[in-house]
Trainee: 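Pasting a structure below so you can have a look.
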Amino acid sequence: MDKRLVSRRRRRTALVGVGALTAGLLLTSPQSASAANLIKNPGFETAGTDDMPYCWKKSGWGDNDFTFETVADAHSGSKAMKVTLTRRAEGDRKALITESAECAPVVTPGKQYDLGLWYKSTTPDTSVTLFRHDAAAGWQYWTDLKTLEMAAGWTEATVRTPEVPAGTDRIAWGVSVYGTGSVTTDDYTMDQVADPVPDPVCTGTAEECANGRWDVLPTQNPVRSMHSVVLNNGKVLLIAGSGNSEQMFEAGTFTSAVYDPGNGTYKQIPTPKDMFCAGHVQLQDGRVLVMSGNKGYPSADGTIGYQGYKDSYVFDPVTETYSRTNDMNDGHWYPSATVLGNGDVISFGGLKEDSTGSVTAELWSDAEQKWLELWKVNQTWSYWGLYPSMILMQDGRLFYSGSHVFGNNIPGTGSAIYDYGANTVTQIPGLQNKDQRDQSASVLLPPAQDQKVLTIGGGNIDSNPDANRLTDVIDLKQPNPSYVAGPPLPQGTVDLGNGKVPQTGNQGKMYVSAVLLPDGKVLETGGALHNRADPVYESSIYDPATGTFDPVAADPEERGYHSSAFLLPDGRVMATGDNPGNGSWNHDVSVYTPPYLLKGERPEITSVIDTEWTYGDTQRITVDRPIAKAELIRPAAVTHSSDPNQRFVDLPLSVDGNNVDLNVTSNPNLAPPGWYMLFAVDANGVPSVAKWVHLQGPSALSATDSSAHVHDFADNLKGKVTGPGKKRTSQKVSPTVSGCDRHYGSVNVCVPTDFPPTVKATTKSRCDWLKKNDYGRLKVNGKDDPLRLDPNKDGVACAKGDVTRR
């Protein structure tokens, strides 16, 4: 395993000679951008100070030897700038526009700018790098836009910026050099992109065009699927295993299906093992790695909990078959699964074969196509819980967002950064109500280059309070990142058993689904107010640019426990499943048409020159009309509100009529290798239908160094740091971890260990609630009756003779 791609020792960024990065810089009032070149001294012809041309500064960081020279070998005029690295351990050097009111070009939020320059290069390790001035936060790293290919003669490079973020009034940019060799540049240009946008034409009702539309499909999902994976052929793998049915488990009946959105059909797939509550992730070749699953259900008396097996399988989308891999080192029921920048997969948490919590980290080697032996994998012997949301950061570390499944969060602040190479865990502050984020959703916000994470909602199956409206946002580009409170979730209606009523107070939802959309926003949908009960009907769209939620049409179907929602290649969102505490299952499937699909004609990608991409590439597509942006979206692999690999990667544009060159990131930690959906989006936010492209795996990474893209990035953490603990076998976990009291009913029925707060602690009140939620006849398992549901001791809970008593 190449640990360079998994971990970097922390480094303190130092920009040589650029004191303007501090917030103390005073700026004059911004002026409107003109149509002329916005760069002052674009050809370095006017001399400045510190042996640099006027309005240009030496900049960079890290351990390297370098020179800056003004040379006579110019593209035009008499001068050019040459930056040379003769030795490099880490970091970069760049000639950067001076970050001052006098020199840094004024920009307008929401606008895009075409950047251009002429260059020669003797190294492939270069990129166009942008910094932006935020009116509140000062100067900060924005993004890397384009990798420059080696060129012996003068070559023109152009690239279009993303939309300028809100609060930004100026930008500065230049060419970063992060490999040994030299880059000579000249004749910089910067022009504001004209607004080519016609008004959108509504193709639905006024309500649909504002809020979108949900349609319930005529054909039901034939399996009780709780795992959904969008395959690289556009079909959807739906995994049920035993489907939370002990009867199917005992019969050895395990199911999966492949759904084809093109014709609306389902094909049932032979499934070799109970993959109920397994982990899954897409490998770089498009196959699906499925890890662990359910070895056994809890005992009837609740003394034994769920058990996870060590088995692992790979699903092949071409043959639509499963094949077995080698075993994991431990059992993991409810494991995490995160793909790394070199194509490996790392996994944490879950329950072992004996129902205790696994403290074993597992690593799938893409090169060896197997789970590595325990001694080859770094271990902290930490218990991360069930389905911990572990998100890959741009420097290869992992961010545990605090989203998880079942009960309380891990000890400490509830979120953390894990550095695999250093084998350390650093606590990250700011997460609100950390022990009420059970089945919240976390998502790396668009674009991935911004490194912001949003958490949404949650509850607690153990204590069963009203689920909350909390949201939290963290900017991992900050030197010492911390969550800050986001806007509260919009409220909808909730069905408490007597019909839908408006939510009140701080009522929110758990079992949330969050889906990245191709217009750069996030759909949150589905959920319930309590443990496997009281569905909430509410959907909204979060805009990262404004930090606000916009309520939209709500899914008419119940979408609580074991539901999932995910993006289809045509830009719609599909939602499946719901498994209330009474053990029933919702087989209806609903599909959301977002407002962007009701704004008129869609742009079309008419050709993709090459579908095999490598990091740092420039790839050409053709479109039928102007587009504002393009991106890669990693296809979903989602279960239990969790898909930590979901990401939206911006592709800066270079536009020549209908020919568009897309600039692919050179950092595999931003876009781990694999298959992606490529969308082109017009200025109204209307996306094309996606094309599938394959971003190359480990063979393309041999010369890639992610430290070049770090800049200021979580490099001054102040939280508590822990290293490996004492080696141990497991963490003790209560058999009631799932929030269900197994003394009543069959194992797939969940009588809550703690009822919602509106239910009094009396037999009648509890039995009324169970009846209202369609629990039916509940046999008492054994002689214990901890919830006092069988006062007459006839072996049946909430029978007629029970509810007449107190």
Trainee: I want to know whether Trp675 and Trp692 have ring centres closer than 6.0 Å.
Mentor: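 Between Trp692 and Trp675, which both carry aromatic rings, the centre distance is not below 6.0 Å.
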Trainee: Cut-off 3.5 Å, side chains only: do Asn579 and Asn244 have a donor facing an acceptor?
Mentor: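 Yes, a side-chain donor-acceptor pair sits under 3.5 Å.
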Trainee: Could you tell me whether the side chain of Val689 reaches within less than 4.5 Å of the side chain of Glu604, counting heavy atoms only?
Mentor: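 Sidechains of Val689 and Glu604: no contact.
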Trainee: With no hydrogens and no angle check, is any side-chain donor or acceptor of Asp570 less than 3.5 Å from a backbone partner on Arg572?
Mentor: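 Checked: pair present.
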Trainee: Taking Ser590 for its side chain and Val216 for its backbone only, find out whether a donor-acceptor pair lies under 3.5 Å.
Mentor: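 No.
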Trainee: Keeping Ser256 on the side-chain end and Thr271 on the backbone end, is there a donor-acceptor pair under 3.5 Å?
Mentor: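 No, Ser256 side chain to Thr271 backbone: no donor-acceptor pair under 3.5 Å.
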Trainee: Do the side chains of Val443 and Leu516 get nearer than 4.5 Å, heavy atoms only?
Mentor: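 Yes, side chains in contact.
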Trainee: Hydrogens and angles aside, do Thr471 and Tyr542 bring a side-chain donor and acceptor to less than 3.5 Å of each other?
Mentor: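 There is no such pair (donor and acceptor under 3.5 Å, judged by atom type) between the side chains of Thr471 and Tyr542.
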Trainee: Measure the CG-OH distance between Asn531 and Tyr511 for me, rounded to the nearest 0.5 Å.
Mentor: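 Atom-to-atom, Asn531:CG and Tyr511:OH are 4.5 Å apart.
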Trainee: Just by distance, with hydrogens left out, do Ser403 and Ser440 show a side-chain donor and acceptor under 3.5 Å apart?
Mentor: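 Yes, Ser440 and Ser403 have a side-chain donor paired with an acceptor closer than 3.5 Å.
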Trainee: Between Glu524 and Ser540, is any side-chain donor less than 3.5 angstrom from a side-chain acceptor?
Mentor: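 Yes, because at least one side-chain N or O of Glu524 sits under 3.5 Å from a partner of the opposite role on Ser540.
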Trainee: Which heavy atom of Ile605 sits nearest to which heavy atom of Val623, and what is that distance?
Mentor: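 Taking Ile605 first and Val623 second, the nearest heavy atoms are CA-CG1, 4.4 Å.
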Trainee: Is the shortest side-chain heavy-atom distance between Val453 and Leu445 below 4.5 Å?
Mentor: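 Val453 vs Leu445: side chains apart.
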Trainee: Are Asn294 and Asp274 close enough that a side-chain donor and a side-chain acceptor fall under 3.5 Å?
Mentor: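 On atom types as modelled, these side chains qualify, holding a pair under 3.5 Å.
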Trainee: Please answer whether the main-chain N or O of Val751 pairs with a side-chain N or O of Arg742 as donor and acceptor at a distance below 3.5 Å.
Mentor: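 Judged by distance alone, no pair lies under 3.5 Å.
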Trainee: Could you please spell out the steps behind the side chain to side chain contact (heavy atoms under 4.5 Å, CB included) verdict for Leu662 and Trp613?
Mentor: CA-CA 11 Å; Leu662 307 177; Trp613 292 14; 3.8 Å; yes
Trainee: Within a strict 4.5 Å, meaning less than it, do heavy atoms of the Leu289 and Trp364 side chains meet?
Mentor: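 Leu289 reaches Trp364 side chain to side chain.
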Trainee: Do any N or O atoms from the side chain of Asp682 and from the backbone of Val686 form a donor-acceptor pair under 3.5 angstrom?
Mentor: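 The answer is yes, because a donor-acceptor pair under 3.5 Å joins these two groups.
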Trainee: Using modelled atom types only, decide if a donor and an acceptor are shared between the side chain of Arg647 and the backbone of Leu670 within a distance under 3.5 Å.
Mentor: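 Yes, Arg647 side chain to Leu670 backbone: donor-acceptor pair under 3.5 Å.
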Trainee: Quick one: CD1 on Ile461 to CG on Asp438, what's the gap to the nearest 0.5 Å?
Mentor: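 If we round to the nearest 0.5 Å, Ile461:CD1 and Asp438:CG are 4.5 Å apart.
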Trainee: Look only at the side chain of Arg224 and the backbone of Asn586, and say whether a donor-acceptor pair between them is shorter than 3.5 Å.
Mentor: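 Between the backbone of Asn586 and the side chain of Arg224 there is no qualifying donor-acceptor contact (under 3.5 Å).
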Trainee: Taking the side chain as everything from C-beta on, heavy atoms only, tell me whether Asp588 gets closer than 4.5 Å to Gln220.
Mentor: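 In contact.
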Trainee: Could you pull out the closest heavy-atom pair between Asn211 and Pro551, with the gap in Å?
Mentor: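 Asn211 and Pro551 have their closest heavy atoms at OD1-O, 3.3 Å.
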Trainee: Under 4.0 Å between a side-chain nitrogen and a carboxylate oxygen: does that hold for Asp330 and Lys352?
Mentor: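 Looking at Lys352 together with Asp330, the answer is yes, because their closest N to O distance falls below 4.0 Å.
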Trainee: Would the distance check show the side chain of Lys629 and the main-chain N or O of Asp519 forming a donor-acceptor pair, the cut-off being under 3.5 Å?
Mentor: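 Indeed, once roles are kept as given, a pair shorter than 3.5 Å links the two residues.
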Trainee: Between Asp578 and Gly560, what is the shortest heavy-atom contact and its length?
Mentor: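 Looking at all heavy atoms of both residues, the shortest contact is OD1-N, 2.6 Å.
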Trainee: Drop me the distance from Arg634's CZ to Leu695's CG, to the nearest 0.5 angstrom.
Mentor: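 If we round to the nearest 0.5 Å, Arg634:CZ and Leu695:CG are 9.0 Å apart.
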Trainee: With the side chain counted from C-beta on, respond yes when Leu351 and Gln307 share a heavy-atom pair under 4.5 Å apart, and no when they do not.
Mentor: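 The answer is no, as the side chains (C-beta and beyond) never meet within the 4.5 Å cut-off.
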Trainee: Keeping the roles fixed (side chain from Tyr306, backbone from Val737), state whether a donor-acceptor pair exists under 3.5 Å.
Mentor: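 No; judged by distance alone, with no hydrogens or angles, the pair does not exist.
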Trainee: Looking only at side-chain N and O atoms, does Ser292 offer a donor or acceptor that is under 3.5 Å from a partner on Trp333?
Mentor: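 Side-chain D/A pair, Trp333 to Ser292: absent.
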Trainee: Would you call Leu340 and Val345 a side-chain contact if the rule is heavy atoms closer than 4.5 Å?
Mentor: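 No, too far: nothing below the 4.5 Å cut-off.
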Trainee: In Å and rounded to the nearest 0.5 Å, what is the CG to CD distance from Asp344 to Glu368?
Mentor: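 Nearest 0.5 Å value for the CG-CD distance: 9.0 Å.
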Trainee: Look at the rings of Tyr387 and Tyr334 and say which category their plane angle falls in: under 30° parallel, 30 to 60° tilted, over 60° perpendicular.
Mentor: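 If you compare the ring of Tyr387 with that of Tyr334, the planes turn out tilted.
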Trainee: Would Leu567 and Met677 count as a side chain to side chain contact (heavy atoms under 4.5 Å, CB included) here? Give the steps.
Mentor: CA-CA 10 Å; Leu567 180 69; Met677 294 181 285; 4.0 Å; yes
Trainee: Tell me whether Lys273 forms a cation-pi arrangement with Tyr313, defined as NZ or CZ under 6.0 Å from the six-membered ring centre and within 45 degrees of its axis.
Mentor: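 No, a cation-pi geometry is absent between Lys273 and Tyr313.
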Trainee: What's the shortest heavy-atom distance between Trp214 and Ala575, and which atoms?
Mentor: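 Closest heavy-atom pair between Trp214 and Ala575: CZ3-CB, 4.1 Å.
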Trainee: Please lay out, stage by stage, how Ser642 and Ser389 fare under the test side-chain hydrogen bond (donor to acceptor under 3.5 Å, both in side chains).
Mentor: CA-CA 7 Å; Ser642 181; Ser389 180; 5.0 Å; no
Trainee: For the NZ atom on Lys779, are there more than 12 heavy atoms of other groups (residues, nucleotides or ligands in this structure) within a distance under 6.0 Å?
Mentor: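 Counting neighbours around NZ of Lys779, 12 or fewer heavy atoms of other residues, nucleotides or ligands fall under 6.0 Å, so no.
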Trainee: Output the distance between atom NE2 (His332) and atom OG (Ser347), rounded to the nearest 0.5 Å.
Mentor: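 Those atoms lie 5.5 Å apart.
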Trainee: Looking only at side-chain N and O atoms, does His640 offer a donor or acceptor that is under 3.5 Å from a partner on Gln439?
Mentor: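 Judged by distance alone, the side chains do not pair up.
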Trainee: Should Glu320 and Lys235 count as an ion pair when the cut-off is N to O under 4.0 Å?
Mentor: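 Yes.
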Trainee: Taking it one step at a time, do Thr593 and Asp215 satisfy side chain to side chain contact (heavy atoms under 4.5 Å, CB included)?
Mentor: CA-CA 8 Å; Thr593 300; Asp215 297 295; 4.3 Å; yes
Trainee: If the test is salt bridge (Lys or Arg N to Asp or Glu O under 4.0 Å), which one of Lys500, Arg559, Lys509 qualifies with Glu538?
Mentor: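 With Glu538 as partner, salt bridge (Lys or Arg N to Asp or Glu O under 4.0 Å) holds for just one option, Lys509.
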Trainee: Grab the two heavy atoms, one from Cys209 and one from Gly204, that are nearest each other, plus how far apart they are.
Mentor: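 Looks like SG-N, 3.6 Å.
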Trainee: Going by atom types alone, do Asn645 and Gln282 pair a side-chain donor with an acceptor below 3.5 Å?
Mentor: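 Judged by distance alone, the side chains do not pair up.
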Trainee: To the nearest 0.5 angstrom, please state how far the CD1 atom of Ile633 sits from the CZ atom of Phe648.
Mentor: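 Going from the CD1 atom of Ile633 to the CZ atom of Phe648 covers 5.5 Å.
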Trainee: Kindly determine whether Tyr676 and His694 satisfy ring pair (Phe, Tyr, Trp, His ring centres under 6.0 Å), including the steps that lead there.
Mentor: CA-CA 6 Å; Tyr676 286 82; His694 183 228; 9.1 Å; no
Trainee: Does a side chain donor of either Thr606 or Thr622 reach within less than 3.5 Å of an acceptor in the other side chain?
Mentor: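 Yes, Thr622 and Thr606 have a side-chain donor paired with an acceptor closer than 3.5 Å.
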Trainee: Return the orientation label for the Phe254 and Phe249 ring planes: parallel under 30°, perpendicular over 60°, tilted otherwise.
Mentor: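 Taking Phe249 first and then Phe254, their aromatic rings sit tilted (interplane angle of 30° to 60°).
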Trainee: In sequence, state the C-alpha distance, the side-chain angles, and the governing distance for Tyr297 and Ser242, and then conclude on side-chain hydrogen bond (donor to acceptor under 3.5 Å, both in side chains).
Mentor: CA-CA 10 Å; Tyr297 281 84; Ser242 63; 2.6 Å; yes
Trainee: Do Val236 and Thr576 come close enough that some side-chain heavy atom pair is under 4.5 Å?
Mentor: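 No, every pair of side-chain atoms sits at 4.5 Å or beyond.
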Trainee: Please check: side-chain N/O of Asp534 versus main-chain N/O of Ala528, any donor-acceptor pairing under 3.5 Å?
Mentor: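 Side chain of Asp534 to backbone of Ala528: no pair is present.
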Trainee: Pick from Asp643, Val638, Val573, Val229: which one makes a side-chain contact (heavy atoms from CB on, under 4.5 Å) with Phe566?
Mentor: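 Exactly one candidate clears the test, Val638.
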Trainee: For residues Phe679 and Leu568, report the shortest heavy-atom separation together with the two atoms involved.
Mentor: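 Looking at all heavy atoms of both residues, the shortest contact is CZ-O, 4.2 Å.
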Trainee: Are any of the side-chain nitrogens in Asp774 or Lys771 under 4.0 Å away from the carboxylate oxygens of its partner?
Mentor: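 Salt bridge flag = no for Lys771 with Asp774.
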